[in-house]
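Quick notes on the structure that follows.
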There are 2 protein chains.
Amino acid sequence: MSAQPQTPKDPLYPDPHPTVSPQAKADLIKALEQALQADTVLHEEEDLRPYECDGLSAYRRLPLAVIIPHDLDQARQALAICRERGIPITARGAGTGLSGGALPFPNGVLMSLARFNEIIDLDPVKRLARVQPGVRNLAISEAAAPHGLYYAPDPSSQIACSIGGNVAENSGGVHCLKYGLTVHNVVAVKMLTIEGDLVTLGSEALDSPGYDLLALIHGSEGMLGIIVEVTVRLLPRPERAQVLMAAFDNPQVAGEAVAALIGQGIIPGGLEMMDNDAIRAAEDFVHAGYPVDAAAILLCELDGTDAEVSEQVHEVRELLLGAGATEVRTATDEAERMRFWAGRKAAFPAVGRISPDYYCMDGTIPRRQLGKVLGGIADLSKAYGLRVANVFHAGDGNLHPLILFDANQPGELEKAEELGGQILELCVEVGGTITGEHGVGIEKINQMCVQFQPAELTQFHAVKAAFDPQGLLNPGKAVPTLHRCAEFGAMHVHRGQLPFPDLPRF
Amino acid sequence: MSAQPQTPKDPLYPDPHPTVSPQAKADLIKALEQALQADTVLHEEEDLRPYECDGLSAYRRLPLAVIIPHDLDQARQALAICRERGIPITARGAGTGLSGGALPFPNGVLMSLARFNEIIDLDPVKRLARVQPGVRNLAISEAAAPHGLYYAPDPSSQIACSIGGNVAENSGGVHCLKYGLTVHNVVAVKMLTIEGDLVTLGSEALDSPGYDLLALIHGSEGMLGIIVEVTVRLLPRPERAQVLMAAFDNPQVAGEAVAALIGQGIIPGGLEMMDNDAIRAAEDFVHAGYPVDAAAILLCELDGTDAEVSEQVHEVRELLLGAGATEVRTATDEAERMRFWAGRKAAFPAVGRISPDYYCMDGTIPRRQLGKVLGGIADLSKAYGLRVANVFHAGDGNLHPLILFDANQPGELEKAEELGGQILELCVEVGGTITGEHGVGIEKINQMCVQFQPAELTQFHAVKAAFDPQGLLNPGKAVPTLHRCAEFGAMHVHRGQLPFPDLPRF
C-alpha cells in the first residue's frame, strides 16, 4: 500500500481494550519511567509517530507509549507493569510487516525489540547462529559468509526486517520453495511469557519431546509471547547457482509450465513469475534484460553441486520449451544472473514508479491452479477497471498481485481493496489460503472467517488463552472473534458477495 | 524391551483417574453397546488382552473397554459417552509405539483406529495422499509406487505402524536426516476434539494462516484430539541410490567421521552406524557381508540424480578414508545395496537372538558429540556389567543403544533401566534430548523433568487444557505434573543421581 496518508479508519472494530484515562496513562508512564532508564520509554507524540504503523501504512495509530528495552530484565519489568494494569502490549521488530501485525493500539503499549540486536553466537561446525530478535535477516547471512554458510529464508525486505519479526510472521522469500519458510530454518526460540517467565522452545536436536511449541510460535504475530532469542540453522552456500529466464506469450501457459516443471520432480532454488506489466515496470527501472513484449516470464534458479546444476539446466530448458516457452535464456555469467534477479527483486518499487499507489496482495493456491487463477485475476482486473501487475513465487503457488490505483481519486482505495478481497476469495475457492508469507494481522482478519470454521477459530482462541489468559499480547490481531465472523457472515465465499461490505471497517 | 511378561508395576503413579465402580462400568458398556454396533465394543477380558500394551511391553494394563469405531460418527458418539462420564480415552494406532503412548488406563477406554484404514485419495499431480489414520505407513508408499512416488518417513516398524500413530509420535526413520520427520511430510490433519468437533489443521498450501496447530498435533501422543484423517506429501523416487559401507577400528573415530561428513555439506539419504556387537549379531542373522572384526561400520546412502550421486560417492569415499576408515566398500549392484541395508534393518531382532532380552533406548545428541557419548556409553556398560549394542541414526545424532540383559535374572531389568536412564542423562548433559523418534509416553516421563523447567511444563499443561479442559485425552502421558517433578527433584542431571530411584515407579 502507498505511503500516502489515508483517512484513519478504525482497523480494530470493536476496540477490545478499555479506554485508558489521562490519569491512568500518566500513572503508567510514571511507573515505566521509574522502573526503566529514561531512554527506554517514549510517550511524546513526536517520539511515538515513527511507530504509528508497520508496512501496512494505510492504518496508523499512536500507542500510549513505546518501550525500547535494553535487556531482558527491562522487558520483563515493562511486561509486569502493563500486566498489572491490564494494558495490551504489541511487540515490534523492524516494522516491515505488510499485514499490520505491529500496528499499535491507542490504549496499549508498543514494545520495540530494536535494541536486542546482538549475534550472540555463530557456530560454523554446528551450523547454528544464536541471535537476538532485533538482528536483521541479512546480517545473519553476512556474519555467516566467511564460513561459506548462509541463512536461507530471504524475504524481499531482508536488508531491513528482523529475525524476531520473521518468526512472528513465519516469513518466506524467493528460496522457500526449496529451503522452507522461517519455521523450517529455526531450531529454538526463547520467549518471555506474559507472566515474565523465560521459556525455551525447541532445541538444537532434530526433535524435541513435549508439544511442538516452537512451531506454534511461528506465525503467531506476537500473540503468545515476546520473542527474545532465536537460534537459526545455517546452510552451506551451494557450489553453483544458475538462472534460466523463459518468455511466454500467454501467462496461463507460463502457469502450466510451472506445474509441469515441479511435476517432473525438479525443485528449483527459486521459481518466480512476472507478467507483462511487472516486466515492463522492472525493465524500465533496472534494465534487467527482460523481453518487454513477453506476456510473462519465468525465472528459474537451479542450485547445488556443479554436476547437478549442469544436468538440471539442460533438463529444465527442454522442459520449458516443450511447455510452450517462446524463448529460454541461460544467464551467461554471474553478472547476468544478478541482473535477472535484480529485476525481480525491484519489481515492487518498479511498479510504484508507474502508479501513484499499489496494493500488494498475498495469497497461496495449489500450483496446478496457477493458470486458472491468472485468468480469473485478468477478468477481475477488467471488471474493476484497475490494472493488476502480477509477481509470483510461482513454484510454491504464492501470489503477489499488485493492484494499481490512485488514492487521490475518491473511491479508488475502496475499489482496490474490494478487488483484493475478490482475489483472496478466488484463492480459497480453488483450495488455497488467504496468506502466503505476509501474515494475517489486521489486513486479512475478515478473510479468516472464510478460511476457517467456528470449531477451528474456537480452538485458536483456546490456544491463545493458554498462553495469555488476560488477552494482553497483541489482542484482536490475526484470529477474528466468532462475533466478528457472525457479523461478516455475508462474506462467505460461496455466496459470491463482496468481502468488504459497507459496514464499519473491521 | 522383550515380550517376556514382567511383574506389573504401576506406570501411572499417582493414578490420575477416579476408580470406576463395577456398576458404573456396566452402565458405560451398556451405553456404548446401545449407541454402537455390537462388534465395535469389546469388554471381555480375553478380548481386551491384545490391547493391554503397545511396543513397551514391560507395562500391561487392561482398559474398561476397547472401542473400534467403523466411522467418524461412531467415534464421535463414543467420545460423547466417555466425556459425559468423565472417562479417559486413549487412542491407539497399530500399537507399535515404543514408549507406552498407547498403554490403556484401567479406569479408561481404549479407542482403536484400526478400522479407519482407507486410502481416500492419492493425487500424483498434487503429490498428496489423503488417508485414514489406520493406514499402514508402508501401504502409502506401495499405493504411490505406480506413480514413481513414495512417502519418505520410514520407521523400522513401517510394515506394521499406522500413519495416525506416526503423527501422534512424530516418527522418524532412516531417511529423516534428509527428508525430515513425520511433521515435515504431513500437510493436513483432521481430528475430532474431545467435544466431538471435527477440525482441519493445515492445508494443501505451503503455509496456513492462524496458529500452527498442525505442528502442535505432531508428537502430541493422543493428548489433544483423535486423529481421523492425514494428508501426506509424496516424493518422487530418487533416480538413483547408492550405498557405501565404511569400516572403522574405533567407534569414536566413526563418530567423528560422521561429523566431518555433514560438516562438508553432504546430506546423505541415510547415515547409519553400528558397533561391533550389532555388526556381529546382524551378520550372523542375515549375512549382510559386514566385516565382523570392525569396531564400527557406517552405512551411507546417497540418493538423487545420476550425476549427483556419482559425484558424491567419490567425494564421500575420499572423505571417509581421510577420516580414518580402514575400508570403504561401495555396493556393486542393487542386490548388494539391499543386503547392506538388510543387516541394519534386522539389527534389533538380530540382537534379540543373542540376548534373552534387550532394552532399546532412544536419545538425540548434537552430532559433534557422537565420539564422546560413544565413549561414555562404553564406560557405563562396563560399570553396570551389561553389554550395550549400538545402532544409531548417526547422521541426525539419534542414538538407539540396545541394552542386553536377562529379565529372568533378578534385578537385571532394574539395572538395565538404570543404565538406560544414565545414557539419557548423558544425552541431556551434552546438549541433546531424551527422545529422538519414539516419543515420551510413560517410558521417559520422569526424564521430562530433567529436560524442561517448570515454566515450560506449565505452558505444556496450559496447551493441553486449551484442547482438553477436563483432561480426558490420554492424561498423564508425555508431560509430567509439577508434583511428579518435585517428587523426583533428586533426579536432576547435574547432581549425578540415578534417574530411577527406588520409589514407586512413576
Side-chain angles (χ1 to χ4, degrees), chain A residues 125-126 170 172 176 181 183 193 197-200 203-213 215-216 218-220 236 259 263 265 304-305 307-308 310-311 364-366 368 396-398 431-437 439-440 444 448 451-453 455-456 459-460 462-463 465-467 478-479, chain B residues 125-126 170 172 176 181 183-184 193 197-200 203-213 215-216 218-220 236 259 263 265 304-305 307-308 310-311 364-366 368 396-398 431-437 440 444 448 451-453 455-456 459-460 462-463 465-467 478-479:
Chain A
V125 177
K126 285 186 192 170
N170 194 19
C176 66
L181 298 164
V183 68
T193 67
D197 291 324
L198 184 67
V199 295
T200 301
S203 77
E204 294 183 10
L206 183 68
D207 188 25
S208 227
Y211 302 118
D212 191 349
L213 304 188
L216 191 67
H218 279 82
S220 66
T305 64
E308 189 183 1
S310 297
E311 190 181 336
T364 306
I365 56 170
R368 65 191 313 192
D396 48 29
N398 184 192
T433 77
I434 58 164
T435 176
E437 53 182 15
V440 174
K444 296 178 190 166
M448 288 288 279
Q451 184 92 54
F452 292 106
Q453 300 300 313
E456 290 146 358
Q459 196 56 66
F460 284 150
V463 168
F467 283 80
V479 183
Chain B
V125 177
K126 286 187 190 169
N170 194 17
C176 67
L181 299 164
V183 68
H184 305 114
T193 67
D197 291 324
L198 183 67
V199 295
T200 301
S203 76
E204 294 184 8
L206 183 68
D207 188 24
S208 226
Y211 302 118
D212 191 351
L213 304 188
L216 190 68
H218 279 83
S220 66
T305 64
E308 189 183 1
S310 295
E311 189 182 338
T364 306
I365 57 169
R368 64 191 315 189
D396 48 30
N398 184 193
T433 77
I434 59 164
T435 176
E437 53 182 15
V440 174
K444 297 178 188 166
M448 288 287 280
Q451 184 91 54
F452 293 105
Q453 300 300 313
E456 289 145 0
Q459 196 57 66
F460 285 150
V463 168
F467 283 79
V479 183

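The sequence lines fix the lettering, A, B, ..., with proteins before strands; numbering per chain opens at 1.
Among residues two or more places apart in sequence or in another chain, the ring-ring contact (aromatic ring centres under 6.0 Å, His included) test is passed with A/Phe452 by A/Phe460. A search for side-chain contact (heavy atoms from CB on, under 4.5 Å) contacts involving B/Ala455 returns A/Asp197, A/Val199, not counting sequence neighbours.
Both the backbone and the side chain of B/Glu456 have a heavy atom closer than 4.5 Å to some heavy atom of chain A. Using a 4.5 Å cut-off between heavy atoms, B/Val463 touches chain A through backbone and side chain atoms alike.
Looking only at heavy-atom pairs under 4.5 Å with chain B, the residue among A/Pro236, A/Gly397, A/Ala478, A/Ala307 that has the most is A/Ala307. Of the residues considered (B/Asn398, B/Leu213, B/Ile434), B/Leu213 shows the highest number of contacts with chain A, using heavy-atom pairs under 4.5 Å. If you tally non-hydrogen atom pairs under 4.5 Å between each of A/Leu198, A/Thr200, A/Ile365, A/Val183 and chain B, the highest count goes to A/Thr200. Top candidate by heavy-atom pairs under 4.5 Å with chain B, chosen from A/Ser310, A/Ala462, A/Gly439, is A/Ala462.
Taking 4.5 Å as the limit, some side-chain heavy atom of A/Pro209 sits within range of a side-chain heavy atom of B/Gln451.
Between A/Glu311 and B/Glu308, the shortest heavy-atom distance links the atoms OE1-N, 4.5 Å.
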